[in-house]
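The shown structure was predicted, so the numbers you read here are calculated from the model rather than taken from an experiment.
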Amino acid sequence: RLRLLLAVRKARPTDDHWIRHFLKDPDPDIQFESLRWIADERLVSYLGALESMLIDSTIDYRRFEALLATWNTLSGNPRDGVTEPKMLLQRVRDPRTPPRTRAYALRLLDPRHAGLSPELCDELAGTGDRVLLTELTRSLAVRGTPDARRRLLGIAMDAELPNAIRADAIAGIAPDGKDATAALLQLAGAENRTLRNEALRSLRFAELDEKQRTRLQNLCSRFESSRDLLAAVIDPESLQKGRPDPSDIEAWQQRLAAIPGSADPAAGRRIFHHARVGLCANCHRHQGRGNVVGPDLSAASNQGNRLRLLHALLEPSRDVDPQYYPWTLVTEDGRAFTGILLRDGGGGTEYFRDNQGREQKFLTEEIVTRKPLTTSMMPDGLADLMTDREIRDVVAFLDEATDDGNAVVVNEAIDSEEEASERFLGQWWLDFADGYGGWLDVTSSHEREAGGGLQVQLLWRVGSARGVSDVQLQ
């Protein structure tokens, strides 16, 4: 059906009958491509249909994001994408909107936006909807205001709530006050492993007195499965003991494969977004949450095997995608700037992204010197903040994440380079006349029905990987 859609679109790009036919198809991929069709052709007559789809309580996150982007394009605001705060806040506030749709809009809204007021938080929490409460908790974990910290403590200590939501709250609590530290120490002795481990993660690098350290040491014999996390709190320097060099990937594979039990992608997600341990979300987005300094990692599992993800975590500058090379600029007024080139806007204007994810505009004539760097903006040593198990969990999360941002269980061992079903071959850079660009990732596959071949995937300079199709090149 997807091939039929593409053929009809090419032959009859404005055929209303076929567009409506495909838009009603229950297959999410067909709907997704129909939305792309409508956006590319600027078919504004479909705005009403899109609005109806946006309030469909059964919609998944991927289609919701595509609907928002299409809706903004047809409304004359294509550059708003899916993060325009006024539009998102309107949907979050509207009580007539299904809770799931409000939750998706909340996920995309900047957690620090002033519109996310205490009154709105009360209203969202009062709905009793667990999906909405989950997204609210994750927003509060980033927000960082006194009100947000108070709410997180309340959620973390509420035994009536699901443990998954409580764990998200615990991951957002910093031990920067007497009440917060006391709560985390209490939760560090919880019988539930998920709650206990998240409390120990949040206590890492905290300034604890001797009595508090002794309290944690006494838990080591009681909770064998959390011994590594307890050690990381009691003696953070133990994290790096006995570790191989980051470049010795084979030794790292063996080390991670020797960890007992299976990887925990759900824990990997919390580590990815953790402000004290993983720090990944400071630069990367995943399924609508995080920052946009580096590449969006929502589709990381489509860009290679787990070995490549492990390489990127241990050696960030080893294999930097070309469009993420930072540039160092010096302007005629002496200002120095380092950031990633987004696009040449034409007319002597260039757009860059700084290390906070903000877009910066420069006039070409004002740039005195420019120098490309071949190192990543991602700092070395982030793995030194994590236990071996946490590294394994983050890699598992990025490799097996589902469309709605949750994760499924994966095998515990990292795939070896020889065992990988796909082999990364290289990249070809594309530059378009309008200033936008991208590149082609090419991999060879050994498990295709047709007997193997090459897979080509187009990735844009800004945003997630978007597969064009699985192309067999002869």
Side-chain angles (χ1 to χ4, degrees), residues 111-112 137-159 163-243 264 266-283 379 381-394:
R112 300 177 182 86
T137 302
R138 294 174 183 177
S139 292
L140 292 172
V142 179
R143 190 164 176 80
T145 63
D147 178 73
R149 291 195 290 269
R150 177 184 62 80
R151 292 175 186 275
L152 288 173
L153 275 174
I155 294 170
M157 302 305 292
D158 189 345
N163 287 332
I165 296 178
R166 296 178 67 191
D168 281 338
I170 296 169
I173 297 174
D176 53 4
K178 182 179 179 180
D179 291 343
T181 302
L184 291 173
L185 286 168
Q186 178 181 336
L187 290 164
E191 291 297 331
N192 181 272
R193 179 181 175 181
T194 298
L195 301 181
R196 179 174 68 249
N197 287 353
E198 288 308 320
L200 291 170
R201 254 189 283 277
S202 289
L203 284 168
R204 193 173 305 170
F205 311 119
E207 294 184 6
L208 302 176
D209 58 34
E210 191 62 32
K211 182 178 179 181
Q212 292 167 332
R213 290 181 180 277
T214 300
R215 179 177 176 178
L216 292 175
Q217 286 173 338
N218 291 336
L219 296 176
C220 291
S221 58
R222 182 178 166 193
F223 299 120
E224 178 66 30
S225 64
S226 299
R227 185 180 288 272
D228 57 337
L229 297 177
L230 283 161
V233 179
I234 298 167
D235 180 18
E237 293 185 3
S238 66
L239 288 168
Q240 301 180 45
K241 290 181 179 178
R243 283 186 165 178
D264 184 353
R269 179 191 58 75
R270 290 190 291 270
I271 297 163
F272 180 94
H273 292 284
H274 207 288
R276 296 172 61 82
V277 177
L279 308 180
C280 310
N282 288 357
C283 293
L382 290 182
D384 294 341
L385 304 177
M386 294 183 271
T387 66
D388 292 350
R389 183 153 51 106
E390 288 170 337
I391 293 172
R392 185 186 67 171
D393 290 346
V394 168

Find the distance between OG1 (Thr181) and CD (Glu207) and round it off to the nearest 0.5 Å. 10.0 Å
Value for CG (Asp384) from CD (Glu237), rounded to nearest 0.5 Å, stands at 11.5 Å
Interatomic distance, CZ@Arg213 vs CG@Leu230, rounded to 0.5 Å, equals 12.0 Å
So, does Thr145 use its side chain to make a donor-acceptor pair with the main chain of Ala148 at under 3.5 Å? yes
Donor-acceptor pair, side chain of Asp235 and main chain of Ala231, under 3.5 angstrom: no
Could you check Asn192 against Leu187 for side chain to side chain contact (heavy atoms under 4.5 Å, CB included), going step by step and ending with a plain yes or no? CA-CA 9 Å; Asn192 181 272; Leu187 290 164; over 6 Å; no
Worked check of salt bridge (Lys or Arg N to Asp or Glu O under 4.0 Å) between Asp209 and Arg215: CA-CA 10 Å; Asp209 58 34; Arg215 179 177 176 178; over 6 Å; no
A side-chain contact here means heavy atoms from C-beta on lying under 4.5 Å apart; do Ser202 and His274 qualify? yes
Do Arg149 and Asp176 have side chains that get closer than 4.5 Å, going by heavy atoms? yes
Where is the tightest heavy-atom contact between Phe272 and Val394, given as atom of each residue plus distance? N-CG2, 4.5 Å
Side chain proximity check, Asn197 to Arg270, heavy atoms < 4.5 angstrom: no
Flag this pair as yes if the NZ/CZ of Arg196 is under 6.0 angstrom from the six-membered ring centre of Phe223 and inside a 45 degree cone about the axis; otherwise no. yes
Flag, side chain of Arg276 to backbone of Arg204, donor-acceptor distance under 3.5 Å: yes
Just so I know, are the side chains of Glu390 and Leu229 near enough to count as touching, which here means a heavy-atom distance under 4.5 Å? yes
Scanning both residues in full, the closest heavy-atom pair of Ala180 with Pro175 reads CB-CA, 4.4 Å
Once rounded to the nearest 0.5 Å, what's the spacing between atom CG of Leu385 and atom CD of Gln240? 8.5 Å
Residues Arg166 and Asp158: closest non-hydrogen pair is CD-O, 3.1 Å
With side chain to side chain contact (heavy atoms under 4.5 Å, CB included) as the test, would you mind laying out the steps for Met386 and Leu239 before giving the verdict? CA-CA 7 Å; Met386 294 183 271; Leu239 288 168; over 6 Å; no
Is Glu224 salt-bridged to Arg227, cutoff N-O under 4.0 Å? yes
Any non-hydrogen side-chain atom of Ile170 less than 4.5 Å from a side-chain atom of Leu184? yes
Is a donor on one side and an acceptor on the other found under 3.5 Å between the side chain of Asp393 and the backbone of Asp264? yes
Closest heavy-atom contact between Ala169 and Leu152? CB-O, 3.6 Å
Test log, rule salt bridge (Lys or Arg N to Asp or Glu O under 4.0 Å), inputs Arg201 and Glu198: CA-CA 5 Å; Arg201 254 189 283 277; Glu198 288 308 320; 2.7 Å; yes
Are any of the side-chain heavy atoms of Ser226 and Leu200 separated by less than 4.5 Å? yes
Any side-chain heavy atom of Leu153 within less than 4.5 Å of one from Ile173? yes
Enter the distance from Gln212:CD to Leu203:CG here, rounded to the nearest 0.5 Å. 8.5 Å
Tell me, do Arg243 and Asp388 make a side-chain contact under 4.5 Å, heavy atoms counted? yes
Atom pair OG1 (Thr214) and CG (Leu208), whose distance is rounded to the nearest 0.5 Å: 10.5 Å
